[in-house]
Amino acid sequence: DTKKKITEKSVTAPDNYHGLMHFNREQILKICFKEKMCAIRPTLVFGAFDPHNGYGPNKFWRDLKMNKNIKLFGKGEERRDHIWVKDVAEIMYYCIIFNTIGAINAVSGKITSFFDLAKKLKSTLNSKSKIIFTKRKGKMPHDGYRAFDNKLMKKLFPKIKINKLEMIFKKYKKHEKY
């Protein structure tokens, strides 16, 4: 956890099983593929047909579409970087085409609180649902802040245009495929 933007060169020292799983997988692949590997490190990925319906854009959208209230942890003050699955696919495409080696953050470079995310979705859908604050159980993950740097991605692939959340939500509303 850090208050600085996480880069590809940031120290990787996970302190939980989830982080250790990602770290160990990357280390094993480095051993197997040595200098022939690109570790694509996405942040919170969202998009249509996501089966896990986890806390964030996918769940909020689905709840609003069913006229359910959005329940936020605490006041929804945690700030995260969310990236659309199609943007991650484009980053992967460029990594393959240009035979990218090393690590690259597949991130938007922008952070949004879960509260602001819920408000944007509610507005996009013109929903009458409410945003409900719930008592937080336990410590706030990552001290409420997890920002990523995408300068390397922009330098390597200057043609990539990461979609803004508002544009993505409007696209989904238009096509009703979420």
Side-chain angles (χ1 to χ4, degrees), residues 1-7 18 22 40-95 104-178:
D1 293 331
T2 178
K3 294 295 179 195
K4 297 177 184 175
K5 283 193 169 189
I6 297 168
T7 72
H18 182 255
H22 287 294
I40 301 170
R41 299 173 176 165
T43 185
L44 300 173
V45 181
F46 71 96
F49 314 114
D50 180 357
H52 87 286
N53 203 35
Y55 183 74
N58 290 325
K59 179 165 180 39
F60 297 170
W61 185 280
R62 289 181 182 127
D63 286 350
L64 290 168
K65 293 291 288 177
M66 293 186 295
N67 296 312
K68 291 183 179 179
N69 294 331
I70 294 176
K71 294 181 183 174
L72 296 177
F73 300 137
K75 301 269 187 219
E77 66 273 31
E78 294 170 64
R79 294 177 293 154
R80 298 285 186 274
D81 185 317
H82 295 86
I83 189 163
W84 192 25
V85 67
K86 287 186 177 184
D87 290 334
V88 174
E90 185 176 9
I91 294 164
M92 294 171 80
Y93 169 80
Y94 278 106
C95 286
I104 189 162
N105 289 338
V107 300
S108 73
K110 308 240 184 304
I111 57 170
T112 305
S113 73
F114 285 99
F115 177 66
D116 286 340
L117 189 64
K119 284 193 313 187
K120 286 176 188 177
L121 284 164
K122 188 175 178 309
S123 173
T124 300
L125 290 171
N126 198 23
S127 174
K128 303 280 187 237
S129 299
K130 294 179 183 175
I131 298 173
I132 308 288
F133 303 122
T134 63
K135 185 173 180 174
R136 185 178 298 281
K137 297 175 186 170
K139 183 182 169 227
M140 188 184 310
H142 309 294
D143 296 325
Y145 182 82
R146 193 125 170 110
F148 290 85
D149 186 304
N150 65 0
K151 287 180 188 159
L152 176 62
M153 179 189 66
K154 286 181 173 183
K155 179 181 173 187
L156 293 175
F157 315 126
K159 291 186 179 187
I160 285 184
K161 300 285 186 247
I162 300 299
N163 288 276
K164 292 188 167 121
L165 289 174
E166 293 84 355
M167 294 304 300
I168 296 164
F169 298 156
K170 286 177 184 174
K171 287 178 187 179
Y172 274 104
K173 182 179 180 189
K174 182 178 175 185
H175 294 90
E176 296 295 324
K177 288 186 177 179
Y178 209 87

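- Shown are R41, R146, H142; of these, the side chain to side chain contact (heavy atoms under 4.5 Å, CB included) with I6 is made only by R146.
- Nearest heavy atom pair, residue G144 against residue R80, reads C-NH1, 3.6 Å.
- Proximity of the aromatic rings of F60 and Y55 is defined here by a centroid distance below 6.0 angstrom, and this criterion is met.
- A106 approaches I40 most closely through the heavy-atom pair CB-CG2, 3.8 Å.
- Between the side chain of T43 and the main chain of H82, no donor-acceptor pair closer than 3.5 Å is present.
- Interatomic distance, CD1 of I162 versus CG of D87, reported as 4.5 Å (0.5 Å rounding).
- Side chain of N105 to main chain of N150: no donor-acceptor pair is present (N/O by atom type, distance under 3.5 Å, no hydrogens or angles).
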Could you pull out every donor-acceptor pair under 3.5 Å between side chains of residues 88-95 and any protein atom, sequence neighbours left out?
none

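- Atom CE of M153 is separated from atom CD1 of I160 by 5.5 Å, given to the nearest 0.5 angstrom.
- Heavy atoms only, all atoms of each residue included: G76 and S113 are closest at O-CB, 3.5 Å.
- Taken to the nearest 0.5 Å, the CZ atom of R79 stands 14.5 Å off from the NZ atom of K110.
- A heavy-atom distance below 4.5 Å is not found between the side chains of M140 and Y145.
- Rounded to the nearest 0.5 Å, atoms CZ (F114) and CD (E77) are 10.5 Å apart.
- No side-chain heavy atom of K5 sits less than 4.5 Å from a side-chain heavy atom of K151.
- Nearest heavy-atom pair, K71 versus T134, reported as atom, atom and distance to 0.1 Å: CB-CG2, 4.2 Å.
- For residues 111-125, the pairs satisfying salt bridge (Lys or Arg N to Asp or Glu O under 4.0 Å) are D116-K119, K120-E166, with sequence neighbours left out.
- To the nearest 0.5 Å, the span separating CG on N126 from CG on L64 amounts to 11.0 Å.
- By the 4.5 Å heavy-atom criterion applied to side chains, V45 and V85 are counted as neighbours.
- Between L152 and T7, every side-chain heavy-atom pair lies at or beyond the 4.5 Å cut-off.
- For the pair W84 and G47, the tightest heavy-atom approach, listed with the atom from each and the gap, is CD1-CA, 4.1 Å.
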Candidate pair K128 and N67, rule side chain to side chain contact (heavy atoms under 4.5 Å, CB included), full reasoning: CA-CA 7 Å; K128 303 280 187 237; N67 296 312; 6.0 Å; no
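- With values rounded to the nearest 0.5 angstrom, D63 atom CG is found 6.5 Å from I70 atom CD1.
- G109 and D81 make their closest contact through N-OD2, 2.8 Å (heavy atoms, listed as atom of the first residue, atom of the second, distance).
- More than 12 heavy atoms of other residues, nucleotides or ligands sit less than 6.0 Å from atom NZ of K3.
- The shortest side-chain heavy-atom distance between R62 and D50 falls under the 4.5 Å cut-off.
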